[in-house]
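In this chain, numbering begins with 1 at the start of the sequence shown. This structure is a prediction, so every number in the text was calculated from the model and none was measured.
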Amino acid sequence: MILALIGHTYKYETEATVKLFVPATRFLFTDSEPDCADDCVITRCIRQEKTVRFSVTASINGRQEQDEAALSAPTNGQEEEHTLCALIFHTLSHLTGITPRWGMMTGIRPVKMLLGRILNGESEDEAVDYLRKNFFVSEDRLSLALETARTQKPLLIPFDPKVVSLYISIPFCPTRCSYCSFVSHSIAQAGNLIPDYLHFLCKELVILGSLMRKQNLTLSTVYIGGGTPTTLTAEQLRVLMQTVQENFDLSPVTEYTVEAGRPDTIDAEKLAVLYQFGASRISINPQTLSDSVLEAIGRRHSAQQALDAFALAREAGHQNINMDLIAGLPGDTADGFRNTLDRVIALAPESITVHTLTLKRSATLYPDGGENLNNPAAEMVEYSRAALTKAGYRPYYLYRQKNTVDNLENVGWAKPGFESLYNILMMDETQTILGAGCGASTKLVRPGDITRIHNHKFPYEYINRFDELMQKKQEMQTL
């Protein structure tokens, strides 16, 4: 599709708004008037002495729609961008008949926007009305966002520059799932790197622990994610978690999460190590309990293995277990998803996270992404909200991603008292998070400013350029 940006430079938000209506589409950008014989969206900005005029012409499948709007000068960039995107939104909504549930919101943190307005003194009604009038969010998504904000509000920690969280990355998996775009590597592809990777990861943890002690920082939460951390052997997990124990004061830590993740990596010995070294919350993520869907997405485990892994975790003493599911997986059906969710609810995990399939460019299913657009993801998500609410779970964090099927969302549901503080802090961006390992980012949060220090994306880079990376970490001395 041709996307013309004439007289302005608002490329990112313009593209994101158009993608609400034509997902999984690649754009050819131009700054001049194109011949719209094919599908195209032409956006124009004309600046005059007293006004700034915008117009949009959209052609899709032989149909055309156009509209225009104007602002009185002087204007600012944020005001102009919002006006242009609203014009695109309404033009494409009329042309396609599509009304995105999240309106023209393209950011990943709608709850943060809503809750921020409430914490700044607006009533709930005023904050909700702002999203309704300015972003055209549907009533059902407004109520979901508000319900999530109400759960989050009493859990938010006041900003304290001396309190931080720790994220540790294990970028390895047994196999790569077809929907995945994370920097994770299959054991067949990169398993020989694990010993060296673990060696340097532990070195980085020693350095971070020393920096924390020098700056008198307090650790709030720990999160070991990936990838699949339990791809490591039990002994490797022991080395990693013992390094954390020896280099960080864990006494003030209120939550220590380890993503056990793939059921085919979980056994009694690993679960015992996690329990022994203080993991207070683990994830067991089947994504689906349909064997045929598991096979379609490249998972080499069965639904029964997921159920067995959950039982093993309970036997090992784990009393705070999350389970991840994905709505809209290739080959899944509305009935299949309902069956999965009902069986997971029957296990009574403390939290259940329901993701919606996202068509990410680096995922193996992206080239055939169009085939996954017309699936019953919306029906699945609506069922999950009703069923989880009825079962006593509450939404406690919510985020969105580009190219998500039906412009839907990912929601963490938890029984009261089992909400993941790390997930809330990550979405709210009100606490510094120290990132260790390949692909991890350290996020230094200061009043009105967030600085990110990115680790190398690939294990071989992380290993071979470790000393160079640790020089960058010295920026944290200014925390």
Side-chain angles (χ1 to χ4, degrees), residues 10 12-13 16-17 20 71-72 74-86 89 100-165 218 220-221 254-255 385 394-402 407-414 416-417 419-433 441 443-452 479:
Y10 301 126
Y12 179 83
E13 282 299 323
T17 304
L20 297 176
L71 288 173
S72 297
T75 61
N76 59 56
Q78 185 176 7
E79 185 181 21
E80 290 183 4
E81 185 177 68
H82 187 89
T83 300
L84 176 59
C85 289
F89 179 87
R101 292 168 176 81
W102 285 101
M104 59 177 278
M105 294 192 77
T106 57
I108 68 173
R109 297 179 175 88
V111 176
K112 181 180 180 181
M113 179 185 290
L114 179 66
L115 193 52
R117 302 188 75 85
I118 293 171
L119 293 175
N120 283 330
E122 290 187 8
S123 68
E124 288 184 352
D125 287 345
E126 289 172 329
V128 166
D129 197 48
Y130 175 83
L131 267 62
R132 179 187 292 116
K133 290 181 177 178
N134 289 275
F135 293 93
F136 322 115
V137 180
S138 68
E139 294 303 317
D140 65 325
R141 262 44 198 175
L142 287 171
S143 67
L144 176 61
L146 181 58
E147 188 179 354
T148 307
R150 285 171 174 166
T151 305
Q152 270 189 26
K153 186 177 177 182
L155 300 173
L156 290 175
I157 299 174
F159 174 73
D160 184 340
K162 292 297 183 181
V163 178
V164 304
S165 287
T218 299
S220 171
T221 70
T254 57
E255 179 182 288
R385 184 177 180 185
R394 303 184 304 181
Y396 75 92
Y397 93 113
L398 181 158
Y399 69 100
R400 303 174 61 242
Q401 295 169 285
K402 291 188 296 183
N407 191 35
L408 291 164
E409 66 283 324
N410 308 304
V411 182
W413 297 83
E419 300 86 359
S420 169
L421 183 59
Y422 174 86
N423 285 335
I424 293 174
L425 293 170
M426 180 181 62
M427 281 298 115
D428 195 58
E429 294 187 308
T430 53
Q431 186 182 90
T432 287
I433 296 178
S441 294
K443 186 184 297 184
L444 304 178
V445 179
R446 305 176 182 89
D449 179 59
I450 296 177
T451 301
R452 290 173 173 83
L479 182 64

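At distances below 3.5 Å, not a single donor-acceptor pair connects side-chain atoms of Arg141 with backbone N or O atoms of Trp102. One N or O on the side chain of Gln431 and one on the backbone of Ser165 form a donor-acceptor pair closer than 3.5 Å. No side-chain donor-acceptor contact under 3.5 Å links His82 to the backbone of Gly77. A donor-acceptor contact shorter than 3.5 Å is absent between the side chain of Thr221 and the backbone of Tyr422. The backbone N or O of Ile424 sits nowhere less than 3.5 Å from a side-chain atom of Gln152 that would complete a donor-acceptor pair. Checked by atom type and distance alone, the side chain of Asn120 pairs as donor or acceptor with a backbone atom of Gly116 at under 3.5 Å. Side-chain atoms of Ser441 do not come within 3.5 Å of backbone N or O of Arg452 as any donor-acceptor pair.
The shortest distance between side-chain heavy atoms of Thr432 and Lys443 does not fall below 4.5 Å. Using a 4.5 Å heavy-atom cutoff, the side chains of Leu114 and Glu124 are not in contact. Leu119 places a side-chain heavy atom less than 4.5 Å from the side chain of Lys153. Considering only heavy atoms from C-beta on, Thr430 stays 4.5 Å or farther from Ile157 through its side chain. A heavy-atom distance below 4.5 Å is found between the side chains of Glu419 and Thr151. You'll find the side chain of Met113 reaches within 4.5 Å of the side chain of Met105, heavy atoms only. Side-chain contact between Val164 and Thr218 is absent, with no heavy atoms from C-beta onward closer than 4.5 Å. Residues Leu421 and Ser220 form a side-chain contact, since some pair of their non-hydrogen atoms from C-beta on lies under 4.5 Å apart.
Using modelled atom types, one finds no donor on one side chain facing an acceptor on the other under 3.5 Å when comparing Arg117 with Ser123. Between the side chains of Tyr399 and Asn423, not a single donor N or O lies within less than 3.5 Å of an accepting N or O. A donor-acceptor contact closer than 3.5 angstrom links the side chains of Ser420 and Glu255.
Interatomic distance, OG1 of Thr75 versus CD of Glu79, reported as 6.0 Å (0.5 Å rounding). Here CD1 of Ile433 is found 7.0 Å from CE of Met426. Values are rounded to the nearest 0.5 Å.
Using a 4.0 Å cut-off between charged side-chain N and carboxylate O, Arg394 and Glu147 make no salt bridge. The pair Arg132-Glu126 fails the salt-bridge criterion, with no side-chain N (NZ, NE, NH1 or NH2) lying under 4.0 Å from an Asp/Glu carboxylate O. Electrostatic pairing of Glu409 and Arg101 does not count as a salt bridge here, judged by no charged N lying under 4.0 Å from a carboxylate O.
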*asked:* Apply side chain to side chain donor-acceptor pair (under 3.5 Å) to residues Glu80 and Tyr10 and explain how you reach the verdict.
replied: CA-CA 9 Å; Glu80 290 183 4; Tyr10 301 126; 2.7 Å; yes
*So Lys112 and Met427, side chain to side chain contact (heavy atoms under 4.5 Å, CB included) or not? Walk me through it.*
CA-CA 7 Å; Lys112 181 180 180 181; Met427 281 298 115; over 6 Å; no
*List the steps and the verdict of side chain to side chain contact (heavy atoms under 4.5 Å, CB included) for Leu444 and Ile450.*
CA-CA 6 Å; Leu444 304 178; Ile450 296 177; over 6 Å; no
_Test log, rule side chain to side chain contact (heavy atoms under 4.5 Å, CB included), inputs Phe89 and Phe135_ = CA-CA 10 Å; Phe89 179 87; Phe135 293 93; over 6 Å; no
*Step by step, would you call Thr17 with Thr106 a side chain to side chain contact (heavy atoms under 4.5 Å, CB included)?*
CA-CA 7 Å; Thr17 304; Thr106 57; 4.3 Å; yes
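Across all non-hydrogen atoms, the minimal contact from Leu20 to Gly103 is CD1-O, 3.4 Å.
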